[in-house]
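Taking it in order: structure first as structure tokens, then the write-up.
Just so it is clear, the values below take in all heavy atoms, side chains as well, and ignore hydrogens, waters and symmetry mates. Chain naming here is simple, since letters A, B, ... match the order of the sequence lines and numbering starts at 1 in each.
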2 protein chains.
Amino acid sequence: MTVPFPEVKQPDALPEELCACTSFLLARLGYAIKLSALEAFEEEGFSLYQYSVLAVLGEGTRETQATIADTLKLDRGQLVGVLDGLEEAGLIERRRDQVDRRRHTVSLTPAGRKQIGKMRAIVKRIEDQYFEPLDAETRANLHDALLRVAANQDSRFQHS
Amino acid sequence: MTVPFPEVKQPDALPEELCACTSFLLARLGYAIKLSALEAFEEEGFSLYQYSVLAVLGEGTRETQATIADTLKLDRGQLVGVLDGLEEAGLIERRRDQVDRRRHTVSLTPAGRKQIGKMRAIVKRIEDQYFEPLDAETRANLHDALLRVAANQDSRFQHS
DNA sequence: TATTGTTATACTCTATAACTATA
DNA sequence: TATAGTTATAGAGTATAACAATA
């Protein structure tokens with residue numbers, strides 16, 4: 001059987017060697033989706049760091065700054081600025097720990113909890129864009145595989 | 001039925017909200033695996049950029065610097081330094097295009113072709129480490145899903 | 001004037017290291 | 001002395017813009 005339209009190779013197509021490389025796809029795709037999310041968040045005046053911090057606080061346990069930083073693999077010095085922004089926006093509260101006055105206990109405000117919902121919607125929108133070519137099952141399998149790999153190399157990832 | 005060892009939640013566990021986020025996993029994992037690769041390549045005195053450039057040239061078609069940069073989404077100015085390193089190491093050759101003397105035609109040397117094999121082995125080693133928790137089929141499915149998503153958002157990715 | 005490769009500059013992130021206040 | 005949070009500094013990585021040669 002003849003091929004009426006033989007594969008037209010694009011002039012700037014990535015080499016097969018790299019397309020065959022799962023790690024290359026992972027790195028490229030991860031960076032691209034991060035950039036998209038970053039852009040979307042910035043339009044609303046927020047950052048991805050802020051979202052991840054709110055997500056940590058959303059788990060209910062009150063946290064000290066050090067544990068938040070460790071959880072997110074964030075530099076403690078870097079976290080300060082993130083919390084400053086969140087506090088200014090009224091999304092979190094810092095209170096001195098009365099037992100150990102060096103520590104700050106960080107907690108969500110009601111406004112902060114509300115904001116998580118909005119941020120979650122942004123993430124969902126972006127993920128739906130990216131994973132649109134996958135059906136629900138494939139997408140779930142993708143997530144499961146990534147989570148297993150992530151949990152295997154970093155114990156902070158918890159898989160069910 | 002009682003649970004003898006109830007789930008011990010790690011103190012620095014990532015919030016479920018983020019673990020449930022495919023894009024978060026993708027970004028985190030992509031960055032982690034890139035760092036690992038970077039480190040491994042640097043031990044051999046090479047960079048990931050160099051590998052990707054060699055991989056492009058390995059496809060057989062002789063390229064001009066601009067097309068290489070475009071393919072890899074690299075800045076043209078940045079590419080210069082990468083090529084300098086590769087040329088110094090004797091892995092590539094730059095020749096003036098006789099038709100258009102502004103252009104440089106870049107091609108692999110035999111040593112360069114040989115080096116691709118070594119670099120490929122490094123990548124394989126790292127991928128085997130990361131994807132070790134997945135069986136062959138799951139891993140293939142993961143790759144396929146990523147490639148489809150990548151091709152959907154960037155036409156340079158070619159899927160079979 | 002526009003384009004190729006080159007070089008130089010500036011900006012963003014991040015990583016490191018001081019600094020303070022409490023313990 | 002050691003630790004939590006803060007602040008300041010330095011480095012890598014990247015993006016932008018000027019530059020010389022050729023078209």
Side-chain angles (χ1 to χ4, degrees), chain A residues 11-12 27-28 30-32 34-39 41-42 46-53 56-57 61-88 92-107, chain B residues 11-12 27-28 30-39 41-43 45-53 56-57 62-88 92-107:
Chain A
D12 60 351
R28 271 290 174 106
Y31 189 63
K34 185 180 177 177
L35 280 189
S36 297
L38 209 64
E39 200 179 333
F41 271 77
E42 271 179 7
F46 292 102
S47 76
L48 289 180
Y49 288 124
Q50 293 181 321
Y51 171 58
S52 56
V53 168
V56 170
L57 296 174
T61 42
R62 69 237 170 309
E63 310 263 357
T64 179
Q65 294 189 199
T67 62
I68 298 175
D70 290 348
T71 297
L72 294 173
K73 232 183 193 170
L74 251 172
D75 186 82
R76 294 183 188 190
Q78 213 174 340
L79 182 62
V80 174
V82 179
L83 292 178
D84 287 347
L86 289 172
E87 198 170 32
E88 241 174 272
I92 62 148
E93 268 185 353
R94 276 191 269 212
R95 267 170 295 183
R96 276 208 179 280
D97 187 331
Q98 292 308 324
V99 180
D100 182 342
R101 290 181 49 73
R102 291 173 302 184
R103 298 186 175 182
H104 282 171
T105 302
V106 185
S107 59
Chain B
D12 61 349
R28 271 290 174 107
Y31 189 62
I33 204 167
K34 185 180 177 178
L35 279 189
S36 298
L38 210 63
E39 200 179 333
F41 271 78
E42 271 179 5
E43 279 176 21
F46 292 101
S47 76
L48 288 180
Y49 289 124
Q50 293 182 321
Y51 171 57
S52 57
V53 169
V56 170
L57 295 175
R62 72 245 167 301
E63 310 263 358
T64 178
Q65 293 189 199
T67 62
I68 297 174
D70 291 349
T71 297
L72 295 172
K73 232 182 194 169
L74 250 172
D75 186 83
R76 294 183 189 191
Q78 213 174 339
L79 181 61
V80 174
V82 179
L83 292 177
D84 286 347
L86 289 171
E87 199 170 31
E88 240 174 273
I92 61 147
E93 268 185 353
R94 274 192 269 211
R95 266 169 295 182
R96 276 207 179 280
D97 187 331
Q98 291 309 323
V99 180
D100 182 342
R101 290 183 48 74
R102 290 174 303 183
R103 297 186 175 181
H104 281 170
T105 302
V106 185
S107 58

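For B/Glu39 and D/dA12, the CD to C1' distance is 16 Å, given to the nearest whole Å. Taking atom CZ of residue B/Arg96 and atom P of nucleotide C/dT6, one finds them 8 Å apart after rounding to whole Å. Counting to the nearest Å, the C1' atom of C/dG5 and the CD1 atom of B/Ile68 are 12 Å from each other. Distance, B/Glu42 CD to D/dA12 P: 11 Å, rounded to whole Å. A straight line from OH of A/Tyr31 to C1' of C/dT12 spans 10 Å, rounded to a whole angstrom. Here the P atom of nucleotide C/dA21 and the CG atom of A/Asp97 are 19 Å apart, to the nearest Å. At whole-Å resolution of the value, CG in A/Leu48 and C1' in C/dT14 are 15 Å apart. Whole-Å rounding puts the B/Leu72 CG to D/dT14 P distance at 13 Å.
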Which atoms of nucleotides 6-8 of chain D (N or O only) lie under 3.5 Å from a protein N or O atom, and what are those distances?
{"from": "D/dT6", "atom 1": "OP1", "to": "A/Arg94", "atom 2": "NH1", "distance (Å)": "3.1"}
{"from": "D/dT6", "atom 1": "OP2", "to": "A/Gln65", "atom 2": "OE1", "distance (Å)": "3.2"}
{"from": "D/dT6", "atom 1": "OP2", "to": "A/Gln65", "atom 2": "NE2", "distance (Å)": "2.7"}
{"from": "D/dT6", "atom 1": "OP2", "to": "A/Arg94", "atom 2": "NH1", "distance (Å)": "3.0"}

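Place B/Arg101 and B/Tyr49 on DNA chain D by their nearest nucleotides, and B/Tyr49 ends up nearer the 5' end. With DNA chain C read from its 5' end, the first of the two nearest nucleotides for B/Asp100 and A/Lys34 is the one closest to B/Asp100.
Remark: A/Asp70 engages A/Arg76 in a salt bridge, criterion side-chain N to carboxylate O under 4.0 Å. Electrostatic pairing of A/Lys73 and B/Asp12 does not count as a salt bridge here, judged by no charged N lying under 4.0 Å from a carboxylate O.
A donor-acceptor contact under 3.5 Å is formed by the side chain of B/Arg102 with the base of C/dT3. For B/Arg103 against C/dT4, no side-chain N or O and base N or O form a donor-acceptor pair under 3.5 Å.
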Q: Decide yes or no on ring pair (Phe, Tyr, Trp, His ring centres under 6.0 Å) for B/Tyr51 and B/Phe46, but give the supporting numbers first.
A: CA-CA 8 Å; B/Tyr51 171 57; B/Phe46 292 101; over 10 Å; no

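For the atom pair OG1 of B/Thr105 and CD of B/Gln98, the computed distance is 9.0 Å after rounding to the nearest 0.5 Å. In this structure, A/Ser107 OG and A/Arg94 CZ are separated by 11.5 Å, a value rounded to the nearest 0.5 Å.
For the side-chain contact (heavy atoms from CB on, under 4.5 Å) test with A/Tyr49, the passing option among A/Leu83, A/Val82, A/Leu72, A/Leu86 is A/Val82; the others fail.
Distances shorter than 4.0 Å separate some side-chain N or O of A/Thr64 from OP1 or OP2 on D/dG5.
Applying the side chain to side chain donor-acceptor pair (under 3.5 Å) test to B/Arg96 and every residue at least two apart in sequence or in another chain returns nothing.
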